[in-house]
Every structure is written in C-alpha cells, then in structure tokens.
Amino acid sequence: MPTLTIDGREVEVEPGLTVLQACEQAGIEIPRFCYHERLSIAGNCRMCLVEMERAPKPVASCAMPVADGMVIHTNTPGVQKARRGVMEFLLINHPLDCPICDQGGECDLQDQAMAYGFDRSRYRESKRAVEDKDLGPLIKTFMTRCIHCTRCIRFATEIAGVPELGATGRGEDMEVGTYVEKALTSELSGNMIDLCPVGALTSAPYAFAARSWELTKIESVDVMDAVGSNIRVDSRGAEVMRVLPRLNEDVNEEWISDKTRFACDGLKRQRLDRPYVRRDGRLEAATWAEAFSAIGQHLKGVRGKRIAAIAGDLADCESMMALKDLMAKLRSPNTDCRQDGAKLDGACRAGYLFNTTIAGIEQADACLLVGTDVRREASIINARLRKRHLAGGYPVGVVGPQVDLTYDYQHLGDGPEALEQIAAGEHAFAKVLGRAERPMLIVGMGALARADGAQVLATARTIAEDCGMVQDTGGWNGFNVLHTAAARVGGLDLGFLPGDGGLDTGAILDAASAGAVEVVYLLGADEIDMDSLGKAFVIYQGHHGDAGAERADVILPGAAYTEKNATYVNTEGRVQQGRRAVYPPGEAREDWTIIRALSEVLGRKLPVDTRDDVRARMAEVNPNFAAGPDTVETAPWGAFGTDGPMDPAPFRTPVANFYMTDPISRASVTMAACADALAGAQGERTGTDG
C-alpha cells in the first residue's frame, strides 16, 4: 500500500484513493464544492488545492491519485492564498442573497467563505445574471447562485439514471438546465437539493417557510414504502416542515425518494382529529366515550367469527400487536395484514423477506426481477440495483411489464410462461443464473397479489433452489420478496394473519358483503374495496379522512408516523424504530393506546399499560423484536408457496401512480402537483393531451 507524508505525518492508505481521501483518513479536512464521495470526480471548483513537493503548482487533491512517497502540504501560506483566490473568484458573480436564501445556515459556500473569504470585493463589474429554470414542482431554482460544481448533473446521470440535466456554454456563460424546458422525471430528484453546495437548487414546497436553526430535528424512519429509509424529521411547533435523509449505508445510503421527502405536507391536510359516530347516515363528531360506547353496543352479542380486522399499509407493529390480541380476546380468527391479497404466509420467514439485504445487492452477480417495477415500488432499491449494474458483470432479466428501470435489462416475458421456462431450465437466462456465483431473484407484489400468487411464489422458490441462490456455505440467500407496504413484514412477523378457520382479506370482504361478517375493524386500511363491506358495522382507526373514514360507522383518530414512537420492519426484515417529532392533532392518540382503552371498555382488557409492555409482548410472539433496533436476523430456509398451475395472464405492476400510494401522499398538494406534471410529460411524449 502506498505511503505518503501529509503535513509532516506518514500515512498508509489503500491504493487507488485520491489525495483528498487520504487527507480525510488522516483527519485533515479539505474544503471542496464539486467533490462528493458518491459521484464521479469533476475537479472543476479548485477549492481543494494542496501543495505537493516537486509539483510546479498547487494540485486539485480530489483528482490526484495517491502515490508512494508523495509529500503533501495542506495548510501552507501558498495553499491558503490559492483557496482565498478561488473563493474570491466564486464570489465575483454570487448574489448577496444570504438573508433571504433558503440555504442560509446550511450552506457550504457560507461556511467556506467564513474561512477563506475576503471582507470586501475588488471587482466593480456588473454581476452575471442567469434566468431561473423550471425543473418541476419540487425544485426551486436560483441559477444566478450556481457555482458550476455539476453535482446535480452527475447525480441525475450516475445515481438516478435519468440524464435530464446538463450544461450549455463555457466559462462564465455556462448554464445548468434541462436543454428543453421540462420537469424532472426522476423519483430521486429531491436529493439534488441536498447535494447543491449553494442555494441554486432549493426545495420548492419549503421555500421561505423556516430557517434551519428554528427547527427541532428528530431521527426517524420512513413509511412511504417498505424500504424503511432512515430520515430526519424537522418540525416547528406542531407542524412538520420538512423531511431529510439520514445516513445509513445498509439501507438508503444518503438518498431518499421524492415521496419520502415531499409528501409531508399531507400530514396537515384531511386529518382526523376527533372521534366520529355515524348517526342517521351522517358522521357526527363525538367524544371518546361515545365512540367506544357505540362500538360496545354493536359488538354486544356478536360471535367472534362474525368479527374481522384488517391492518393497513402504514400500521406500526405496536398497534397490530394490540389489535391482534384484542381480536383473540374477542375470539375472532379473522385478521389479516395483506390488504392487497398477496399470497404470503408466516410459516417460513425466508419466504417473505428480502433475504439478500439491500446492501447485499452489491455482492450479487446476476438478477431476475419477477412482477415488479422496482423503480416505482422501491426507488432506493432500484438505485442500488443500478449502482451494481454500473459496476459491471451484472446481467438483469425481467419477467413482467416492460418499464424504464434506468439500467439495461433483458426482457424475458410478460408473465408466468417465461417463469415456468426458467424454472424448467429451458430458458437461456436460467443458464445465466446457474453460472453466477451469487445470483439473486426479486419477486414483487405484481406477481404475488394475484389469485395464483402462491403458485408464483412456489415457482420462484424452485428457481432459487435450482439456480444456486440459496447457499449453505457463505450464507448467501438470493431469494427476495419486494414489499410495497411498510407494515407488511411487521404484520407477518407478528402473525397478523387468519387464525384457525379464519378469513383472509378477500374472504372477509366477501363475507361482509354476504352479511356473514357483521363488524370489520380497519386499522388504517384504505386500499380495499369499501363497497364490498356491505352493511357491516365498520370501525376505522386512522389519521386521514381517506376511503376507510368515508365508509366508517365509527372513526377513532390515530397518529401518523411522525407523531408516535413506533416500530416498523422493512422489506429485508430490519427492525427499526420511528420517533415522535410532533404530537397528534386535536384528540387523536397513539394507535396502541386507543386499542388498549377500547379493550377495557369492551371488558376484554389487554394486559399492557406501557409501550414497553407492548414491545415485550411483540418479542414474546417473535424473538426478532428482541434483537434490538436496526438489526436483521437471518431467516432459515424452508418450504413455502403452493405447487400448481399458474394463470397465463401477464404480471402487472401494483403501483399505478408513484406519487399517490397511501392516505398521506394522497392528501399532499405537492404529490398531486407531481402527478399532474408527470401526466403532462407523458402526454407530450405520446402526443396526447395528458
């Protein structure tokens, strides 16, 4: 390994690193604007200049590879003078916008100007002015502030895989834009705001709303999909102002999807902030006592088999545990957390997990996607797949709809026929998987949420076993299920499934329509067909006035994910805990406390009084919850799925509209604007009105 001397100290580093990276490892901070550790090297801001012995002039440390025997000086008068000169040139044209700039307080240019800036300008020429660009409803541009670091361009091209940004002109005339004015279509575009070292790209929904030092910052996890991205929730008073990514190399690295970032304005719209009871066909505001009394009256004399409960996609583990125990006390076996009808069961945990883990994607060398549009179902996982694809030696095959995944793949077929050929070893891609050392398979809800989902699952298991995806040596398991609901894995882990003789979601709806089920408890379940509930008495517990609340006979206002301390399990089985950033509005309460209070009114009191009691009960049901937060327990392999013929109908993606998949995003004005902008862009491409 090369050894170099940095500021008089010998440092041994890995070959292939740059001088800047070597300095960082030595604990020496080098200022930079264009360099970012996850992007390719541009070397165009020159802020990272250092002196190297025997070099005729300062070198850009971000672009200089280390070599044995190098002698680097990072803090000499010459280096200081060079950096001050670079800063002076950067500020020639930069507007004096700091008092009104949303980047104020979080700006790299401000920070570096404090260290290397001059207290006055020597230039009297007019400052350059650049017309702002329209990048869509999410990113607000002030292009006069742009310092041409090209981070946004490199992110769009390399990470997001949607090369819609570029530069025109040279030198002072250079402008960053989309060439043809259009909205960005990437689901990860908001990350450019974090990458921008100045205030050229800022959050449009957050514009002029607050200053960073006014905000309370709470670390939490996202529930907009099943990835479980680590986030930071910034709030002021009772309002969530913004959501930012939090570094977690094993899950989301430092990126989040646009829905995760921008749907938070839906948290303050269409909220349920008090109980309601339907009287004479109209929902009327009521007290908690009146709501519980109405539930008690309708449950009186109803047998357990005529009661059912369905958990929604955003439900936390504590509330599902409490509801499951309440249904058990009511002697009801009719519970289900799979409101989309996915044919998954809890018998074998490896049969419903993303066993490779998200970070493990980078170790795989072949991939088969079955019935999933990963880009819209889990854009963070799709970015990781793209990252692995760009590294080379990673053939990708797709069985399902042909979609733009931002990387090249081989389309193998639209439905089960191609899957059967691969399972039988008759398809050429089966040989590709067989030759791979660490092949992987991802099966999505578009393949499992069908009547023959259990058969598709069994066929996928056969492929995994026959193609060497499940290996005893090395612990590699390439079989993966990609969930779309944040609550799904937690519900399966807790056994929120039909008991002996119990009904699943489809059967509950059929029985309710026929009158065989009289009472249905919806724990934030809004994605089912409400018309199928017939004349059943519906209890809806949730936080938004969505489809479930509209059909309900009693509404119990719960807390959204930013308003409670709760546990979630992501698609890879990682147990994570979200933290409360703000309190629920009005009379709304944390969900498990509502169920606990209701159980006492019904005379079926649950033996839990605190959140710790509920979590102890969760660990009792499934030891994975006892392992602690941010842990992934390896699941033993076993049999799952049902052998049998599959319907030849092609697989369909379960996400029709990326921006509106749950009650929060459907209540978001920003997400509605994104959906409209995307529809307009698609209309332009197809020549329709959009």
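Heavy-atom basis, side chains included; hydrogens, waters and symmetry copies ignored.
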Should [X] and [Y] count as an ion pair when the cut-off is N to O under 4.0 Å?
| X | Y | result |
| --- | --- | --- |
| K217 | D234 | no |
| R242 | E106 | yes |
| R579 | E219 | no |
| R128 | E175 | no |
| K133 | E164 | no |
| K387 | E253 | yes |

Flag side-chain contact, heavy atom, 4.5 Å: [X] against [Y]:
| X | Y | result |
| --- | --- | --- |
| M87 | F118 | no |
| I381 | V227 | yes |
| K259 | T661 | yes |
| L184 | M192 | yes |

Exercise answer: donor-acceptor pairs, residues 47-66 side-chain atoms, under 3.5 Å, sequence neighbours excluded:
from: E51; atom 1: OE1; to: T76; atom 2: OG1; distance (Å): 3.2
from: E53; atom 1: OE2; to: H73; atom 2: NE2; distance (Å): 3.2
from: S61; atom 1: OG; to: C48; atom 2: O; distance (Å): 2.8

Does one side chain, of N382 or S379, offer a donor that lies under 3.5 Å from an acceptor on the other?
->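 Note: N382 and S379 side chains miss the donor-acceptor criterion.
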Please report the C-alpha distance between E214 and R236 in whole Å, then the side-chain angles of each, then the deciding distance to 0.1 Å, and finally whether the salt bridge (charged side-chain N to carboxylate O under 4.0 Å, His left out) criterion is met.
-> CA-CA 7 Å; E214 301 174 332; R236 184 177 61 186; 3.1 Å; yes
Honestly, is R145 close enough over F142, meaning NZ or CZ under 6.0 Å from the six-membered ring centre and within 45° of the axis?
->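 Verdict for F142: a cation-pi partner in R145.
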Compare every heavy atom of D102 with every heavy atom of A209, then report the nearest pair and how far apart it is.
->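 That would be N-OD1, 4.5 Å.
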Heavy atoms of P245 and R261 approach each other most closely as CD-NH2, 3.7 Å
Which of parallel (below 30°), tilted (30 to 60°) and perpendicular (above 60°) describes F89 and Y123?
-> tilted
